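Keep in mind that what you see is a predicted model, and the values were worked out from it rather than measured. The figures here come from the full heavy-atom set of this structure, side chains too, leaving out hydrogens, waters and symmetry mates.
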Amino acid sequence: MCGIVGYAGSLEAAPVLLKGLEKLEYRGYDSAGIAVIQGDKIDIAKAAGKLQVLKDLTANGEKVPGHVGIGHTRWATHGEPSDVNAHPHLSNSGRFAVVHNGIIENYQQLKEMLQKKGFSFISQTDTEVIAQLVEYFYQGDMLDTMIHLLNVLEGSYSLGVLSADEPERFYAVRKDSPLVVGLGQGENLIASDVPSLLAHTQEVCYLEDREIVIIASDRVRIFDTNGDEKPVRSTHIDWDVSAAEKGGYEHFMFKEIMEQPQSLQKTVSPRLKDGGIVLDDFHITREMLQNTSKIYIVACGSSYHVGVVGKYVLESTTRIPVEVDIASEFRYRQPIIDERTLMIVISQSGETADTIAAMREGKAQGARVLAIVNVLGSTIAREADDVLYTWAGPEIAVATTKAYSTQLVVIDLLALKFAELLGTMPEEELAAYCEALANLPAQVEDVLADKEKIQYWASQLYNKHSIFFIGRNLDYAVAMEGSLKLKEISYIHSEAYAGGELKHGTISLIEQGTLVFTLATYQPLVEKIKSNAEEVRARGAYLVSVAVAGDKQMAAVSDVVFSVPKTLPLLQPSLTVIPLQLFAYYVASQKGCSIDQPKNLAKSVTVE
Ligand code: AGP
């Protein structure tokens with residue numbers, strides 16, 4: 001997805017914009033550009049390729065002087081990556097410049113209307129239509145122009161808009177695409193995400209949909225689409241810019257894998273009190289649960305894989321039926337929802353378009369929505385009835401690790417809280433689970449200590465063309481995540497399969513040397529998965545197993561064993577996943593892949 005930045009202050013804007021765009025590179029992009037007001041005109045510099053191309057073009061911004069400007073990294077949706085299609089886009093007169101994240105769904109008819117009015121277009125983008133619309137509506141009042149703009153645009157957008165008539169300020173607005181205002185001293189900014197702001201301020205304002213913000217160096221003003229002014233809300237960000245830096249690691253992904261013990265500690269320990277679970281911003285009561293006929297868990301990608309774990313865990317502790325859905329499927333399958341439905345939406349970014357749409361569908365049909373989110377103030381966090389934050393800190397790498405892990409333990413905490421409310425778990429078992437949760441960070445540390453062994457086997461196995469991950473019950477859910485991690489950063493084809501399902505077809509693909517990861521940590525089914533391991537081994541598979549320390553049975557049937565500590569059954573996925581994260585990372589590293597920004601991927605998919 002695209003990235004937007006904007007600046008008004010005493011500094012030269014161009015270098016600030018370029019640094020802000022650096023902090024958005026993790027979102028994935030194929031071109032970049034900036035626009036700065038110089039006197040009574042707008043100067044633009046943009047180019048296809050990585051940010052370095054733009055830095056070279058502008059001599060790190062020195063060639064584009066001025067104190068008010070906007071910038072953009074583009075993840076192409078309409079029109080191929082090119083200099084012409086890169087943002088910012090200028091109106092025909094050159095008096096207005098626009099940067100945009102999102103998709104304008106009615107841009108074709110707007111373009112035809114503007115062409116009939118004599119406007120010409122040079123790019124294939126939907127965004128250029130916005131620049132011409134600003135010019136078309138402008139009668140001297142930019143706020144009025146922005147209101148007209150919002151009345152005709154359909155789709156998702158966060159916009160930065162420059163007017164050469166107003167050199168001291170710029171305008172911004174959002175609908176369904178995130179946009180955050182940085183509230184500085186003698187300078188104010190906008191960005192698609194907080195890391196771009198932290199070099200200037202830790203006070204931010206999360207814009208609501210269809211709020212128009214006017215940014216000047218000494219003042220920020222917010223208006224609604226009636227032209228009424230609204231208060232500027234301020235939120236303090238409690239992590240600093242270093243948290244969004246690599247900190248000496250080669251890749252953000254490895255840093256975030258290694259940060260998991262701390263992230264788990266921050267997410268779990270404030271919620272364990274006196275042998276019980278204390279959840280903040282949570283208003284679900286025993287009566288509400290007793291009146292709940294179904295729980296839907298809805299998410300995408302790795303967050304969906306957490307949902308698959310959640311189904312097993314929640315049904316085990318509450319005996320309430322749980323269905324897990326991929327968000328993009330959920331909203332189009334006429335789900336059966338009513339006031340007795342609880343919907344749990346899981347999202348690291350809180351901005352995934354498919355998950356937002358599914359959540360809104362559920363709410364519209366009467367479901368109560370509980371969100372598990374990592375990004376403070378994100379759309380999903382703001383629209384849910386209850387929010388449980390993962391406190392993983394900023395996750396920059398496209399491939400999620402610490403956010404996934406903290407989502408797992410939040411699901412565990414939620415399931416234990418529900419069991420506590422419903423009385424469906426004996427007190428001593430609940431206390432045992434709380435103690436085991438408190439021990440998880442140290443146990444994850446132990447698994448990470450084994451990373452060199454995993455690095456060695458990755459160096460031996462990175463040339464495989466197809467890798468299978470099999471498991472049963474919770475191990476099957478983790479197998480899905482292990483397979484996705486490998487695919488998205490090493491580009492090796494992989495599939496996750498329920499161990500008992502292989503013999504119903506896929507086992508025909510197993511041949512001499514096929515690499516099969518067997519996850520055998522879910523204790524109640526170790527015997528069963530061991531049999532599946534023997535089935536594939538009998539057909540020539542090369543078997544790498546993940547098993548609990550000391551499991552001699554799996555060692556006897558495996559070529560390689562990655563051992564993990566044992567914990568209580570429902571918490572085991574938090575440990576089983578760690579070797580798979582490391583294996584994917586080391587394989588991708590061995591192959592020289594672009595680990596933090598894999599090809600074609602974005603950190604948060606804010607388009608359908
Ligand atoms: C996970 O490594 C991927 N980056 C992707 O599957 C991600 O989990 C998915 O896009 C959902 O993102 P969200 O958690 O921000 O909603």
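Ion pairing of Glu245 with Lys23 is present here, as a side-chain N (NZ or NE/NH1/NH2) and a carboxylate O approach within less than 4.0 Å. By the 4.0 Å N-to-carboxylate-O rule, Lys402 lies close enough to Glu259 to be salt-bridged with it. The existence of a salt bridge linking Arg539 and Glu535 is excluded, since no basic side-chain nitrogen approaches an acidic carboxylate oxygen closer than 4.0 Å. Salt bridge annotation for Lys50-Glu25: absent, with no cationic side-chain nitrogen under 4.0 angstrom from a carboxylate oxygen. Taking a cutoff of 4.0 Å between a charged side-chain nitrogen and a carboxylate oxygen, Lys417 and Glu420 qualify as a salt bridge.
Looking only at atom types and distance, the side chain of Gln553 has a donor-acceptor partner in the side chain of Glu527 under 3.5 Å away. Between the side chains of Thr406 and Thr267, no donor-acceptor pair of N or O atoms lies under 3.5 Å. A donor-acceptor pair shorter than 3.5 Å can be found between the side chains of His283 and Asp386. Counted by atom type alone, Glu351 and Thr379 present one or more donor-acceptor pairs between their side chains at under 3.5 Å. Side-chain polar atoms of Thr401 and Gln260 form no donor-acceptor pair below 3.5 angstrom.
Within 6.0 Å of the CZ atom in Arg340, the count of heavy atoms belonging to other residues, nucleotides or ligands exceeds 12. Other residues, nucleotides and ligands contribute at most 12 non-hydrogen atoms within 6.0 Å of the CD atom of Glu427. Counted within 6.0 Å of NE2 on His465, heavy atoms from surrounding residues, nucleotides or ligands total 12 or fewer; the atom is thus considered open. Applying the 6.0 Å contact sphere to CD1 of Ile336 captures no more than 12 heavy atoms from other residues, nucleotides or ligands. Within 6.0 Å of CG in Asp338 there are more than 12 heavy atoms belonging to other residues, nucleotides or ligands. Counted within 6.0 Å of CD on Gln290, heavy atoms from surrounding residues, nucleotides or ligands total more than 12; the atom is thus considered enclosed.
For the pair Asp385 (side chain) and Val369 (backbone), a donor-acceptor distance under 3.5 Å is present. Here the side chain of Asp559 pairs a donor or acceptor atom with the backbone of Leu543 at under 3.5 angstrom. With Asn101 contributing its side chain and Cys2 its backbone, the two residues share a donor-acceptor pair below 3.5 Å. Arg286 contributes a side-chain N or O that, together with a main-chain N or O of Leu421, makes up a donor-acceptor pair within less than 3.5 Å.
Note on ring orientation: taking the six-membered ring where Trp is involved, the planes of Trp457 and Tyr542 are tilted (angle from 30° to 60°).
Checked against salt bridge (charged side-chain N to carboxylate O under 4.0 Å, His left out), Asp354 has no partners two or more places apart in sequence or in another chain. By the side-chain hydrogen bond (donor to acceptor under 3.5 Å, both in side chains) test, Ser302 is found to be paired with Glu481, Lys485, residues two or more places apart in sequence or in another chain being considered.
Residues Leu388 and Leu413 fail the side-chain proximity criterion, which asks for heavy atoms closer than 4.5 Å.
Gln572 contributes atom CD, which lies 4.5 Å from atom OG1 of Thr521 (distance to the nearest 0.5 angstrom).
Relative to the ring axis of Tyr491, Lys591 does not place its NZ or CZ within 45° and under 6.0 Å from the centre.
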Would you mind writing out the side-chain donor-acceptor pairs for residues 439-454 within the sub-3.5 Å range, not counting sequence neighbours?
from	atom 1	to	atom 2	distance (Å)
Asn439	ND2	Glu435	O	3.3
Gln443	NE2	Lys566	O	3.1
Lys453	NZ	Val561	O	2.6

